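In what follows, a single structure is set out as structure tokens and then discussed.
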Protein chains: 2
Amino acid sequence: MSPAVVVVIFTIQHDALSVLLIERAANPGTGQWALPGGILNPGETLEEAAVRKLEGETGVRDVYLEQLFTFDPIENTGAGVIVSYFALVDANRARLRPDLEWRPAWRPVRGLGELAFGNELIVGVALERLRNKLDYTNVAYSLLPAEFTLTELQRVYEAILGETMDKRNFRRRVVGLGVVKESGGWRKTGAHRPARLYEFTSRAPVTLG
Amino acid sequence: MSPAVVVVIFTIQHDALSVLLIERAANPGTGQWALPGGILNPGETLEEAAVRKLEGETGVRDVYLEQLFTFDPIENTGAGVIVSYFALVDANRARLRPDLEWRPAWRPVRGLGELAFGNELIVGVALERLRNKLDYTNVAYSLLPAEFTLTELQRVYEAILGETMDKRNFRRRVVGLGVVKESGGWRKTGAHRPARLYEFTSRAPVTLG
DNA sequence: CCAAAAGTGTTCTGACTACACCCATGC
DNA sequence: GCATGGGTGTAGTCAGAACACTTTTGG
């Protein structure tokens, strides 16, 4: 049986970590929410299939994408093993594409509940992996535009880890470890003084420390 | 096509990290060294297949076993995706079983060279993962008998990480983090005073810190 | 003048590093 | 008596955690 690929696509929406889910408007699983995924096309590699799914749902490429875990086949689906990936995208760049059969939507990870095919387990594994990676890599680069304020970056970290952090310690850490550097730009936002803009030192995955 | 499972089985032999390889005495790949692996049996899960392979080659069960990565199919092998696992066994408990088609042997990881099917890449990924896990988990429990001296444990760490460590710092760390505790026993070995024996605080995988 | 958000330093603590000698035993 | 290998303490450094006030700006 042909293997299937499933992608856990995370983004930050309204300061909440969210995952892209699809509501089935046709059988099997009508009315249920599931992760985007499907069978490999002939001649396609696993990663190519994951990229295809990611791009098909969000329109973005060149984001952080990592293989997660491989699950046993699910009975009665006609597919083989399920190779899962997780990806991180900037919500402002993503353009969801609803159609008649599939209704994609960002859903906050907190309080997800059960999904079709037990997919909530895959989301759980992905979340755990993401939290770990945040500590010792620069993966967050894939969740933000090229320029951002340190406060925005901190909100991303807090949304993922589910805890608040001290502003001064956070700044020291991300700058000191070389995760980000000043971009030279400034931003005026609302009723306060302009904020210094930052950019990631590297826009490819890097392990720190 | 049916998925295949491949297992990277590590052990410590003569203070050297070694991996179980099989020399093919039949086609395909006669004379080449490869990792143990094969096709899933009907109705079997991925992990069950990995356990079966592990037990078939070494006779041991209930050791550390973790899914590693899933690779794209290799052309002309008739198998589908390759789900790799890695395992850690105590060389003194393992009993290799040569037969006419397969000649299994422990081979030191240092200086392995190329293997059949590019399997050296899988060993490389497994080694990297093992080194990382050693830092923040108790996985070493699966490489040693129930009781051991701290010097023996240190030699295991050194063999895996490929670097020597300070004895006093090492002891402080493994005891302080609760990886091991005194078992109460003593061992006489050769021409020196008896050595205190230790055991792992947990013989199941635990994340520390 | 007030609300909103950015920016900034110091102290304490715990973990990790480097480093050298003594002692019990078996031969 | 000597070779073998187990066992032990201290000082320095660095990273992370806790903690509060000032400044600019727009309305």
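In this text, all values refer to a predicted model and were calculated from it rather than measured experimentally.
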To the nearest angstrom, the CD-C1' distance between B:Glu182 and D:dG7 comes to 12 Å

Quick one: on DNA chain D, does A:His192 or A:Asp166 contact a more 5' nucleotide (nearest heavy atom)?
A:Asp166

Both A:Pro194 and A:Arg168 contact DNA chain C. Which one's nearest nucleotide lies toward the 5' end?
A:Pro194

Take A:Lys167 and B:Thr149, find for each the nucleotide of DNA chain D with the closest heavy atom, and name the residue whose nucleotide sits nearer the 5' end.
B:Thr149

Any idea how B:Tyr141 and B:Phe200 line up, ring-wise: parallel (<30°), tilted (30 to 60°), or perpendicular (>60°)?
perpendicular

Whether B:Arg24 engages the ring of B:Trp102 as a cation-pi pair (distance to the six-membered ring centre under 6.0 angstrom, angle to the ring normal within 45°) should be assessed.
yes

Taking ring pair (Phe, Tyr, Trp, His ring centres under 6.0 Å) as the definition, give me every residue that meets it alongside A:Tyr85, ordered by chain and number, with sequence neighbours left out.
none

Any Lys/Arg nitrogen of A:Glu23 or A:Arg107 sitting under 4.0 Å from an Asp/Glu carboxylate oxygen of the other?
no

Think B:Arg171 has a side-chain N or O under 4.0 angstrom from the OP1 or OP2 of D:dG7?
yes

Does A:Thr151 offer a backbone N or O that forms a donor-acceptor pair with the side chain of A:Gln154 under 3.5 Å?
no

Whole angstrom value for the distance that separates C1' of D:dG7 from CD of B:Glu152:
15 Å

Separation of D:dG16 P from A:Leu177 CG (nearest whole Å)
6 Å

When the distance from CZ of B:Arg196 to C1' of D:dG7 is rounded to whole Å, what number comes out?
9 Å

Quick one, B:Lys133 with B:Glu66, criterion salt bridge (charged side-chain N to carboxylate O under 4.0 Å, His left out). Give me CA distance, side-chain angles, the key distance, then yes/no.
CA-CA 11 Å; B:Lys133 288 242 155 180; B:Glu66 176 185 322; 3.0 Å; yes

If you pin A:Asn169 and A:Arg193 to their nearest nucleotides in DNA chain C, which one's is more 5'?
A:Arg193

Any carboxylate oxygen within less than 4.0 angstrom of a Lys/Arg side-chain nitrogen, looking at B:Glu152 and B:Arg187?
yes

Taking any atom closer than 4.0 angstrom to a non-hydrogen atom of chain B, what span of DNA chain C does the protein reach, first nucleotide to last?
C:dT17 to C:dG26

Starting at atom CZ of B:Arg172, determine the distance to atom P of D:dA11, rounded to an integer number of angstrom.
13 Å

Between the base of D:dG26 and the side chain of A:Lys188, is there any donor-acceptor pair under 3.5 Å?
no

